[in-house]
Amino acid sequence: MLAAGSSSDLAFPILSMLILLPVAGAALIVLLSKRRPEYMKLVAAISSVATAAMSVWLTVEFDRADDGFQFVSKQPWIDQWGIGWHLGVDGISLFLVLLTGVLFPLAILGIDPHNDDPAQDKPYFAWLLLLEAGVMGAFLSLDLFLFFVFFEIVLVPMYFLIGGWGYERREYAATKFFLYTMVGSAFMFVSIMATVFIASRNGVNGITFDLVEIAENASFATSTGRWLFFGFAIAFAVKVPVFPLHTWLPDAHTQAPTAGSVVLAGVMLKLGTYGLLRFGLYLFPEAAHWSRSLWLTLAVIGITYGAIAATMQKDLKRLVAYSSVAHLGFIVLGTFAFTSEAITGSVMQMVNHGVSTGALFLLVGMIYERRHTRQISELKGLQAVAPIFAAAFLLVTLSSIGVPGLNGFVGEFLILIGSFGTARWWVVIAAAGVILAALYLLWAYQRVFHGEPDEANKTFPELKLKEALVLLPFIGVIVFTGIYPKPMLERIEPAVDRLIAHVEDRGGFEIDRPTVIEHESPAGEDDEAHDAETAEAGE
Amino acid sequence: MEMIVFVLASAMVLVGAVGVIVRRNPVHAALSLVLTLFGVAVHFVALEAHFLAAVQIIVYAGAIVVLFLFVIMLLGVDKAEDLSIEPFPIQRPLAGIVGLGIAGLIIAAIVRGRDALREAGEPLASDGDQNVQALARNLFEDHVFAFEFTSVLLIVAVAGTVLLTRKVKKPTAGGKAAE
Amino acid sequence: MSHAVFGQAQEFIAPSIEWWQISPILALVAGALGLLVVGALTPTWPRGGYAAVAVLTTIVAGVFTLFHWNDIADNGPSTMISRALAFDAFTQFLTITILLATLLVLLVTADELYRTDNDGPEIYALMLVAATGGIVMAAANDLIVMFLGLETLSLALYVLAASDRERRASQESGIKYFVLGGFASAFFLYGIALVYGGFRSTNIGEIVEAAQADVLLTGDDPMVLAGLAMLIVGLGFKVAAVPFHIWTPDVYQGSPTNVTAFMASVGKAAAFAAMLRVLVVALPTQRDDWRPAIWVIAVVTLVVGSALAVVQTDVKRMLAYSSISHAGFILVGVEAAGHGGLAADNDGMSSVAAYLLLYAVLTVGSFAVVTLVGRSSGGDTSLEAFSGLAKRRPALALGLTVFLLAQAGVPLTSGFVAKWGVIQAAVEQESYVIAIIAMIAAVIAAYLYLRIMVSMWLREGAADVAVEPVPLMTGFSVAFAAVFTIAVGVWPQWVLEAADEVIAYAR
Amino acid sequence: MTAVVLAAVPTTTYYLVLAAILFAIGAVGVMVRRNPLVMFMCIELMLNAVNLSFVALATRFADIDGQTAVFFVMVVAAAEVVVGLGIIISILRRRPGVNADDLAELKG
Amino acid sequence: MLDVIWLIPAFPLVGFLLILVFGRRLGEPGAGYLAAGAVLGSFVVSVGAYFDLLSRDAEERSHIETVFSWVPVSQLQVDMAFLADPLSITMCLFVTGIAFLIHLFAIGYMHGDPKFSKFFLYLNLFVLSMTLLVLGENLLVTFLGWEGVGTCSYLLISFWHTKDANASAGKKAFVTNRIGDWGFMLAMFLGFWAVGSVSYVALNEAAEAGSLATSTATGIALLLFVGAVGKSAQLPLYVWLPDAMAGPTPVSALIHAATMVTAGVFLMVRMNPMLTAAADWAPTLIAWVGAITALFAATIALAQNDIKKVLAYSTVSQLGYMFLAVGSGAYVAAIFHMITHAFFKALMFLGSGSVIHGMHEEQDMRKMGALRKFMPVTAATFIIGWLAIAGVPPFAGFWSKDEILLFTLAERGVVLYVIGLVTAVLTAFYMTRQVLMVFFGDAKWGSHANEAEAAQLEVTPDTAADPPVTHGAHGEFKPHESPPIMLVPLVVLAGLAMVGGVIQLPSFGFIPKSWQYRLEHWLEPVVEFGEAQIKDSSAYGNKELLALLAIACALAGIAAAVAIYSKKLREPIEPEILAEGWRYDWAISAFMGGPGRKMFDAVAWFDKTIVDGAVNGSARVVSGAAGQLRRGQTGNVRNYAGILGVGVVLLLAWFVIGRGVL
């Protein structure tokens, strides 16, 4: 039975610690004297690295055979409303948590805010840590209320990061970001409550915001479910962002400080796609399935439209931002294809996009630090003067393009192949989007790195050791997951399969599977070998 | 007979009321108000609310209007108001519509509600003595809290007046003179 | 039955007066009287003396109220003094709210009055009396009593609004408030008269009995409906619901800031308490009549309040509009309460009560910061005066940020809990449309809060702005409000539990 | 004809209608007069209309409560007048001759 | 040996990693030797695998070596696995073999280049990808290699990236290839959903067993063909290949002639059961595309003056032949031609590289001539290549081309056969033209010795890595022969081009039976379609006659060229439009720069104005409306009372009229 998931007997509340550690760090920073700015970064680094270590530990401890929620922590919080501090991690959220855990220390260590006044370090790092706590919380929450709290709370630190340490139009961008996301949340806010109340009258015992409880027991009337689903979906669609709700993103990305962009692209956008999966599909399978054509279409529009818009950008950061629109289109596509391959691919792509685009923003940030411009037209021939830097950039670019052997490909491929059977014509167009990705990214690369460097770019400094160390984990992940994605896939898949089983069960429909033509060949034996291997691993 | 009293008193009330809003000189307006108040008092008598009729004359006409006049004199604001000019052209039509609307709608409600008016209890005593007694009894049995609480209201009045009319202390070095 | 039989001699039966149960009111009145009388007799008090007495009074009243709270928990609700007042959890909750807000405002007021050297007993006394009026409104079980409470509160506020006599803005706000307030009171009173005409009583308990009999037998009575409309006008005026909000921005802006804080917290809480008493407690039989009206008013209030807030340039005025928008939110809760149903599955009343408590603290905190900023800038409370506040006074800026975020409804603040409550109540009653409109309005309003935050954090302030020290008591109330805001946001359980009790009301 | 008139007894409704008209006149007065004192008088008109209603209803119901209510209204009216005049005085003393239209600095 | 088949890609991988880490320290020529050694290792393993396979029965000649599970999700279980069968080992042999030779050549060619080690880094990465491509057990591993070689091609074309033209060419190659990859991917998807697997064995067995719907099989086949068109530079996607000549010449030889570009052909052959299962028109289409490409490219080659461009168009043309073969069912012939073409085209590219090297980075044939005296080895080997490509027996090219033409006539009829024949004439013609212009006639470089170099530096610095560094030390201009390390590969390749034909000799009477169709027999387990299928056709009956016709055509082409360019009997006709490649490229650029660009601009405009405009617009609407509403707040207390009054009336109206009994 699909129960609430087994909780490991780990006495240590690791998930709560993942959230509370950064908060503690932030609190400590707030308490530190403003006159000692040098300690701020140290504290931030220590607490984020500790969080990272813990998230790595979590990943190691994670039981890949278990398809339910693990390390569950469930405490009453607001009994009045049936709200609990309910955390848990499964294959779908595991790597997002890991990504969050690892990305933040890199963002903290790797990029210094361009502060004129060292005293400004204090709020900067405090906000970053709070942001980390919020994002972590959102990925770990298994309670609708709790999730919403974290989903919303991340806006505040991000708002201040963009507004306080961003570039020229930061006020505009920060405000737009905040309000736009809030509009989406408004619908989810209402939808969450309606879900809870309607659930309490249809199968769930009493008022509870517990996600698992509602998803497993509640039955919604068809039209009700659809309304509720859209309430959730609008919020997530804004966050993703899905065309045509994307225009906050280029502004926010472009104007945010580098760390902000990295985090925004790396993990915050995933709140949307993750939410669609975790809340949209899980709670309202029928509605999600019913509206899939819409989503698939928007996703495909996002892919092509984002790519075309990216091609025409003159600002490097903006270009990368638009590329996010395109990339996230793939994730949405996979999510609404409903097959195991596609959704696994989507989850994986969430992580991959975080890594690749995060790294891209880092690199663009480094370019900005050196040249104080993001205009493509003002950069030229950097490869000639900084070949290692260029190589790093190229590798990340290729990963973003989705070249096989690098991480970007695996997710994209899984999404497309998985979606092909259930969303054929969308995939045909989406696959064409892959061509466009090569077009705009390589064109940008060419304009920035190729050619003869002009005077302004002649003195472009090569990658520094510190920067290289920051980039190294990104590159490592990019290459490793591209070549050996199995460790990820085998942890993600069980949870996805369970989700799909749930979706089919509650939604009352069958999802197409590939026809399998049995054949006698070594490949067949291999399949069996696989099963044996997985079974072994399971033990 | 009662009808005649009613018509006459009503005429007083309405003429006075119209007087309040059309007389340009505030003193005249105040005097018109007195007319209305008297008319109301007459109605009170007709309705056998003797005590209230008396209070109406004494407190309202006697004290309150005098207070008005006193203030008018004190501040010398008996200058006539030029009612022929209205800086907001929309204001008067609006007022007319609002006035008509309020009156019309409430009258409609009253007229329609006539049948729904609850049945009377035993009729009220018609002589003033008993009226006062009944009122007193009611006041001190059922409305004793309200009655006592009016004292708090009066505290406000007193404290407020004191505050508003007290001389302003000279601002000291620490304070700031207001604009 | 209150209508005695006349015509024969009768024994006067002295009503029983529950002294203990009205002790908070008595304490406040006593405090006010003490201040006035002793203040008049001994002209020079030690600095802070008046404030100390006033604060002490509210604390004593608060302690009494807490006792009563437990009392009700044990013995259930009842009525007092010939059914004039209700002794129930609703009253006590609102009393606590009002007292807490009064306490915080008194602290801010003390600092403000030292500054202008205007320290005297009257303002404190008026505040205490006004709080009393508010409590009576919340407790009233008789419309006449409610009216008296309302007038007590209002008259005190008129005076307080005009109390900074040298400032033209204060004068203007005083007279505006007074004229319009009197106007609205007349409507309210007329409403009482018409309701009386319908039900033959002004006592809420009797109204309910009569209404249940009447509505079942004869259907709606137009006179009652007209009266109800008038009552809504009067209360709508007090809570600042569009279009009866019209006085709010001017008066909030013009009044001394501490008085504005008082109006926005105590005034609003009391008015909403009265509104619930009238609409939910007294006239639930008419809920199908008033609910649509409240629906429309709530929506218009939300939209107009939020939208107009956006185009303001003065922070006080912004906060005034934001308080209008908040009124819209609370009206959403009122609307939800109008859906009837068993008390247990209608959170309307409790959500409104919780909102009032949380908002009261929030708004006092916000205005407290405004007083301090206004102080440094010579009374200027425009947005420019807030520029660079984060650089000058980071703690203060942080405090205001907390309040603003809470008002915007960001999670982990009390404002979020409050919004959650009313929206939950609405959704529970399947009023989805109003819930969504409310949330969208909240987004519009959020822009306003962001503007203030942008000013504080992202703009450079004028170089020559003096950095005055934060006075102790104001600092305390800001800190208290901020901590309260966050604490409730993180751990709202106890507030919600308490608010849930208010459903057990007496008639 | 006269007899009919003499014999007629004004019912409660008559009084209530009169009160409604009086109330409306008072409301209009507040909207059209600029002198704060006169505006204030108009509010008094409205209160009187209410009083008249109360008394008429009390008589109709043979219920003394209505009269008691009027008593309280009068107290309130008195207190209101005191406070109101206090405010008006405090303003007019400093800005003589000011009228309601002049007090419009706060707006928007 | 088959168990360690993974060593074939592993060697270049190790080489790649070593150069990645130690490349700078290794420097020149260490990195080059390391890279070459790695490839040699692969070659050795391939040879071992070949003999291992050979020692088995024909039915047993298939081995799958799984290294690890790569993408295992649900039904999609893709392994990093290698399929060793005659086809893949054949490919491995010639890929690694030629790659090794070219590595050697490059050590000499890249001498002095500051990015020497990086070049070999990329080269090893390329060999790694290429071996993955051919060894892949499933479409996905092949795709990994497929994209890998594309990426390497990108890196190597834009190797001298400071020139904008090179950078553009690289990008163009990548993007154009991606268009093809779109088809490849869709084919994979379609296959997976139809069969439940992407492994070749499963797909081909399904196709052979007839368990695929014809439409599905057609779809898969054609989508794969789209991929092949991209990779193998067929119409309409050939445009990247001529531009790709911007890369260093060894790259052109290895990637853009011998190996990568043939991947499309390999893929089609690999999936030949799918083609068989497809609807009839599918192979016909492929044949037509191949034939037209062959002819089209050959016409363009007629008028090129850049030594490498001629070879590039020739490559396109020859690839067209291979697709003609594929479309005609001559899979073995396609592979055969692929191999012989690899020999002679690699030879000629290297030869041209040697010439360019010797001419100090000069690529314009009009400035060459009489080089046979200065570069005897280069000239000799180049001439062998020329004879091979022209189809002169007994050189390798003759045999493979002849077989293709035979199958074409038998399977696809006379029209395509004539096209093929005409192309053969043209091929002989333009190759002869090239040989004559470069190696014979008068030396046209002597007159403008040093200033030519100087001028060329500025005006047509085509592939100039950094000429002053490489050859700037030469005081006077004089073509010179290349160093031995460059010549050895030339000689070896010349030998192969000469005798390469023996692996698949036709069944002519004078050829011993055991020598006939050796390749076909060897590939039998993979490619079942062979000589037997056309035995009954009339064309097969007259195969000797057809061979003579082909020889005649080749000789005619050579003769014509000699007549025009050597004997100067007639003025050469080199129409501008041919030199410009039928303006095909120009049209594409015009479209992309014109309507295409406009479309993109329109999207950007739409995004900014409409989508974002709506967002900002709604904000503006709110504040605008609020601004209007604000004017209602006049500050006048009487107005306020009026507004209040209106509210009262409305509320009353609702209650009394709306809800009352009225």
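Lettering of chains follows the sequences in order, A, B, ..., and the numbering in each one begins at 1.
Under a 4.0 Å N-O distance rule, the pair A:R201/C:E430 qualifies as a salt bridge.
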For this session: Check the pair A:Y172, C:V454 against side chain to side chain contact (heavy atoms under 4.5 Å, CB included), reporting the backbone distance first and the verdict last.
Result: CA-CA 10 Å; A:Y172 168 77; C:V454 163; over 6 Å; no
For this session: Please lay out, stage by stage, how A:F189 and C:V427 fare under the test side chain to side chain contact (heavy atoms under 4.5 Å, CB included).
Result: CA-CA 10 Å; A:F189 192 86; C:V427 169; over 6 Å; no
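The distance from the CE atom of C:M439 to the OG atom of A:S191 is 12.0 Å, given to the nearest 0.5 Å.
A heavy-atom distance below 4.5 Å is not found between the side chains of C:L458 and A:F160.
A side-chain donor-acceptor contact under 3.5 Å links C:Q493 to the backbone of A:D79.
A:P123 does not touch chain C: none of its heavy atoms, backbone or side chain, sits under 4.5 Å away. Looking at A:L155, neither its backbone nor its side chain comes within 4.5 Å of chain C, counting heavy atoms on both sides. The contact between C:W420 and chain A is made by backbone and side chain atoms together, counting heavy-atom distances below 4.5 Å. When heavy atoms are compared at a cutoff of 4.5 Å, C:L405 approaches chain A solely by way of its side chain, counted from C-beta outward. No part of C:T413 comes within reach of chain A, as not one of its non-hydrogen atoms sits under 4.5 angstrom from that chain.
The candidate with the highest count of non-hydrogen atom pairs below 4.5 Å against chain C, out of A:I78, A:I83, A:V156, is A:I78. For chain C, the option among A:F150, A:Y180, A:F209, A:F151 with the highest count of heavy-atom pairs below 4.5 Å is A:F209.
Ring pair A:W227/C:Y432: centre-to-centre distance not below 6.0 Å.
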